[in-house]
Amino acid sequence: MNEVEELRPVGQTTQFIVIKLGDEQYGIDIKYIDNIVRMPHITRVPKVDDYLKGVINLRGEVIPVMSIRIKMGLEEDVETKSSRIIILKLEQQGTIGVIVDEVKEVVTLENDRIEKVAYDSKDEKSNFLCGVGKSDGGLISLLDLNAVVLESV
Amino acid sequence: MDVSQYLEIFLDETNEHLQNLNTQILSLEQDPENMDTINEIFRAAHSLKGMAGTMGYKRMQTLTHDMENVFSEVRNGNIKVKADMIDVLFQCLDALEEYNTNIRESSDEGTNDNGALIKRLNDIMGGGSDDSAAPAEQEQAPQAQAVDAAAAGGFVGIKLNENQQSVLGEALKQGKRVYGLTVKVQESCILKAARAFLVFKAIEETSEIIVSDPSSQDIEDEKFDLHFSLIIVSEAELNEVVTAAKSVSEIEDVSGSVLNIDDVGAAETEESHAAETGAEAEAAAPAAPAQEAQAAQTPVAAQAPAPAEAAAQTPAPAAKKAPANKPVVNRTVRVDIEKLDTLMNLVSELIIAKNSLVSASAMSGNSSQAVNEQIEYLESVTTSLHESVMKVRMVPIESTVNKFPRMVRDLQKKLGKKMELYMSGEETELDRTVVDQIGDPLMHLLRNSADHGLESAAVRKERGKPEVGSIFLDAYQDGNNVVIEVRDDGNGIDTKAVKNKAIERGVITPEQGEAMSEKEIIDLLFNAGFSTAKVVSDVSGRGVGLDVVKSMIESLSGEVEVKSRLGEGSTWTIRLPLTLAIIQALMVEIGDEKYAIALGSIQTIEDILPSDVNLVQAKEVIQLRDLVIPLIRLNEILDIPSKKDPEENLVVVVVKKGDKLAGLVVDELIGQQEIVIKSLGKYISKCKIISGATVLGDGEVALILDANSLI
């Protein structure tokens, strides 16, 4: 994670970790990220929503893991060599792991390069976004983690 | 002084003192003449006052001060303990508790002066000395006189040398005035010398101090009792000087009078002066020695609490605090519960690491004898380490149940029923977190017994029971569990009334009601919003009681049961695990997954032929030693395809919840293991049949099945 160390924000910028889900790039605000781990064995928990994949052991702590793909209505995750679990630390829900297809890089976006997205009830995916960032590598959809992690009722 | 760092200690100790006071006043009510109890009460009140004073909680201090005065009168035999006095004292304790709560929440004592209470306390004092017996008054008299004399004329006894006389004479000639002052420091004052110094400073702003008794050096060294006297020369008015001196905190009283030239002159010939002024001076002269003598005679009374209290206020070693005439207290260390939690977590980690080592050694296959021996040794060390840490976290339930006698006493007055609480097993120990949380459910049950259970005295008489109802609170350890029973000899549960109520509320249909057993009906009581009390009182009957009790106890991994006989009483049994963090569990395999079942809930393990499984009401059951036990196929409940051939024998783990049994069908047994319980977190809370997770030796996570919710 040396990369991260070098890219501390200066002025009005925010850092995001760019991940891939399918063909699309998503950004997760770095301040919520505790850790990124390789796919460990996930213990299934019965009788819970299907986006909750189970629990893992992270250095002795038991941490729930969820699938962003299923939550966003995409097809089931396929575990590959580049699959990772990003451990998020959220104020309300505590520590949660989310499965992503690939972790690409860390980008620093100036805040004026982030555009808000309009809420569109027809497009389910947009409910989980809090903006779109324009970086050199193309457009990055920025995930609204609270919406992603929020328990569906 | 920055006292905020002592706030925690202050709150803790205040709680202890309040609890102590509650208990002692209760026993005083039973035995109003017991001197030990009275002394103990006095000491506790005194320490409270001192602590409140140091922390700057003036209102609390005032109230405790007046309470202490009452106790002091009681101790001197001037007031007899009466029922209404006990009531007032209990109200005072409630008020103090309120202050304490306020302080805990906002570190401010609040603005309630409790003037009414203080007035009643003073009334008790006033009334007490009026109708107290003659000898008591006589006893009081010399003391009062001595104090008065000391207050009024302590300075009269000061001897002046020539030099000082001439200074005084000179001053008088210049039109300045000479005053004699006697300053009384509060008993609770710790730094008397510092206070005296402040008084000196305050007086020196307007006046000149000619002489002091004891000498200023002695005062500086704190070689004085509560009083010291001064002769000063001043241009200011007497009351200005007195006010200035009084403005110093922890100064109880300052009295002064104008000395005229005759007095000053007369002081020259001290002895003749004493003779001349007769009775007044006679009282004055022995004043100072008398005071000291008095203090010496009753060392426990006023003086002894002072050092004890000083220790209480500073975070000094607790051992110092123990007063000499108390039973020897074990040497203890106060430890933050968080530190213990950390320790417990580390032990958990160690056990996990030990488990990994065991499984790694088993995997490698070629482990030598020596390795195995060392692993076994490590195993026994970690197990005893875990036990010791667990013991450290254990506290007697005493701290929680001690408040109940008081509560029952209050209930008795409020409900107008006669009742008595009998407690046993207060020394039973439980994990600290459990003890902290068990108070509310127990309180609910006791209130329930008092309000719904016990009949009124008249009804009891009619039924041939003793007029005074009994409530029992028994705690004892039973294997890996602690059992707390709340029992009463009241009416018991009227199952018919419960059934009718349930039907009326639409909880069950009349047909369902017909088919229900007594036990099932009693279990309805634990439904939310269910109360059979015909009249809602502020004691119970709002229907928030029993379901809360049940859910609170279940959140502690415990269970609650009721047994009741109409007309004879009911027994509520709470069963709690000794510890929440580490348990012995049976590991089982279902499909490809591993699950843990707490050993505490397992009754037996059976090997059952598929042909022995019968169907009752379309549900699978087995017969075991004349018991019909329902089967629960875990693979179906957990949605896992079973690996086993349906023709093979079934492995059935028979688990018990209260007096209900159920057979859990698993694929394989793995074995017994010590497991560390980890929470699944708030995020996965929907799954009721899983009570937690644990990390296995190979680093995998296994889920812990909650047998209670399966049944």
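Only a predicted model underlies this, so the values are computations on that prediction, with no experimental measurement involved. In what follows, chains carry the letters A, B, and so on, assigned in the order in which the sequence lines appear, proteins first and then strands, with residues in each chain numbered from 1.
- Most heavy-atom pairs under 4.5 Å with chain B: of the set A/Ile42, A/Ile96, A/Ile56, A/Thr95, this distinction falls to A/Ile96.
- With a 4.5 angstrom heavy-atom cutoff, B/Ile690 touches chain A only via side-chain atoms.
- When the shell of 6.0 Å around NZ of B/Lys643 is examined, it contains more than 12 heavy atoms from other residues, nucleotides or ligands.
- Within the 4.5 angstrom heavy-atom criterion, atoms from both the backbone and the side chain of B/Val701 approach chain A.
- Two residues are said to be in side-chain contact when any heavy atoms from C-beta on lie closer than 4.5 Å; A/Val55 and B/Leu703 meet this criterion.
- Within 6.0 Å of NZ in B/Lys354 there are more than 12 heavy atoms belonging to other residues, nucleotides or ligands.
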Inset, instruction - Step by step, work out the side-chain contact (heavy atoms from CB on, under 4.5 Å) result for B/Leu696 and A/Asn57. - result: CA-CA 9 Å; B/Leu696 298 178; A/Asn57 164 23; over 6 Å; no
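- Screening B/Val695, B/Ile677, B/Thr694 for a side-chain contact (heavy atoms from CB on, under 4.5 Å) with A/Val62, the sole residue that qualifies is B/Val695.
- With hydrogens and angles disregarded, no donor-acceptor distance shorter than 3.5 Å links the side chain of A/Lys47 to the backbone of B/Asp639.
- Under the 3.5 Å distance criterion, the side-chain polar atoms of A/Thr43 are left unmatched by any main-chain donor or acceptor of B/Ala702.
- Looking at B/Ile637 and A/Pro46, their side chains never come closer than 4.5 Å, going by heavy atoms from C-beta outward.
- With a threshold of 4.5 angstrom between heavy atoms, A/Ile63 does not approach chain B through any atom at all.
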